[in-house]
Amino acid sequence: IARHTNRLEAIISDLLMLARLEQETEEHEFVFSKAPLRPILEAAVENCRYEIEQKGIRMELTCPINLQARMQPALIEHAVVNLLTNSIKYSEANTQVQLSAVEEENEVVIRVHDEGCGIPQAHLPRVFERFYRVDKARSRQVGGTGLGLAIVKHITLIHKGRVSVDSTVGVGSVFRIHLPFS
């Protein structure tokens, strides 16, 4: 009963987050500011510290100290936490997750690279859809709401950015948040 209650609470929380993001996008513009990205990434890692330690994940963070992005820091942190949580969840114990941010051409790219189970190519176009599950049986075992990647996509769109993913089954995945550099 407690497990199901926690799952329902997580689903409700994620649905409310998506509804709030959609409503605020329609009603008014978000206030963005140019801020250093590294402290936000460090906070996201700390937010996932318990899960990282429980699975023995080796966490690597690479981000130039002076790299800035035009953003809403709390939203970007939420998106990165969602990506890290998925990477940890779908990775075996004692593997590595890399979180990095770089400036490429006219954008800032935040990458989460894991050594997890990977995603078959046929599923990649749909992984950012609400409630989409690649492996429903495995998803029930590891938990989650099926909304985390949809929230990441929505947060990125609010920032006038885009998301992308590359994955190889049995090797791992690379999820990216692309933010315009301005």
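Worth knowing before you read on, the calculation uses all heavy atoms, side chains too, and leaves out hydrogens, waters and symmetry mates.
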Give, for atom [atom1] of [X] and atom [atom2] of [Y], the distance between the pair rounded to the nearest 0.5 Å.
X    : Y    : atom1 : atom2 : value
E46  : I52  : CD    : CD1   : 7.5 Å
I57  : K89  : CD1   : NZ    : 13.0 Å
E103 : L179 : CD    : CG    : 12.0 Å
L84  : N47  : CG    : CG    : 9.0 Å
E77  : Q72  : CD    : CD    : 12.0 Å
I158 : F32  : CD1   : CZ    : 7.0 Å

Shortest non-hydrogen separation from [X] to [Y] and the atoms involved:
X    : Y    : value
S167 : G172 : OG-O, 3.2 Å
V152 : A79  : CG2-O, 3.4 Å
K34  : F181 : NZ-CZ, 4.4 Å
I151 : H78  : CG2-CD2, 3.7 Å
P180 : K160 : CG-O, 3.3 Å

Going by atom types only, do H178 and S164 share a side-chain donor-acceptor pair under 3.5 Å? yes

Between S100 and T62, does any side-chain donor sit less than 3.5 Å from a side-chain acceptor? no

Could you check whether any side-chain heavy atom of V169 comes within less than 4.5 Å of a side-chain heavy atom of C117, counting everything from C-beta outward? no

Are L37 and I76 close enough that some pair of their side-chain heavy atoms sits under 4.5 Å apart? yes

In plain terms, say whether R162 and E107 are close enough for a salt bridge, that is, a side-chain N and a carboxylate O under 4.0 Å apart. yes

NZ/NE/NH1/NH2 to OD/OE distance under 4.0 Å, K55 and E51: no

Out of the candidates V97, L99, V174, only one should pair with S87 under the side-chain contact (heavy atoms from CB on, under 4.5 Å) rule; please name it. V97

Is a donor on one side and an acceptor on the other found under 3.5 Å between the side chain of [X] and the backbone of [Y]?
X    : Y    : answer
R176 : V163 : no
D114 : S91  : no
H159 : R70  : no
R58  : N94  : yes

Check the pair R111 / Q98 against side chain to side chain contact (heavy atoms under 4.5 Å, CB included), numbers first and verdict last. CA-CA 8 Å; R111 285 186 185 89; Q98 299 170 322; over 6 Å; no

Do D166 and S173 pass the side chain to side chain contact (heavy atoms under 4.5 Å, CB included) test, and can you show the C-alpha distance, the side-chain angles, and the key distance before you say yes or no? CA-CA 6 Å; D166 292 314; S173 302; over 6 Å; no

Under the side chain to side chain contact (heavy atoms under 4.5 Å, CB included) rule, what do V127 and F175 come out as? Steps first, then yes or no, please. CA-CA 11 Å; V127 295; F175 284 85; 4.3 Å; yes

Treating Ile, Leu, Val, Met, Phe, Trp and Tyr as nodes and any side-chain heavy-atom pair under 4.5 angstrom as an edge, say whether [X] and [Y] lie in one connected cluster.
X    : Y    : answer
V109 : V165 : no
M71  : V81  : no
L61  : L67  : yes

Please determine whether the number of non-hydrogen atoms from other residues, nucleotides or ligands lying under 6.0 Å from atom CD of E104 exceeds 12. yes

Is there a side chain to side chain contact (heavy atoms under 4.5 Å, CB included) between L83 and I177? Walk through the geometry before answering. CA-CA 10 Å; L83 292 179; I177 296 172; 3.8 Å; yes

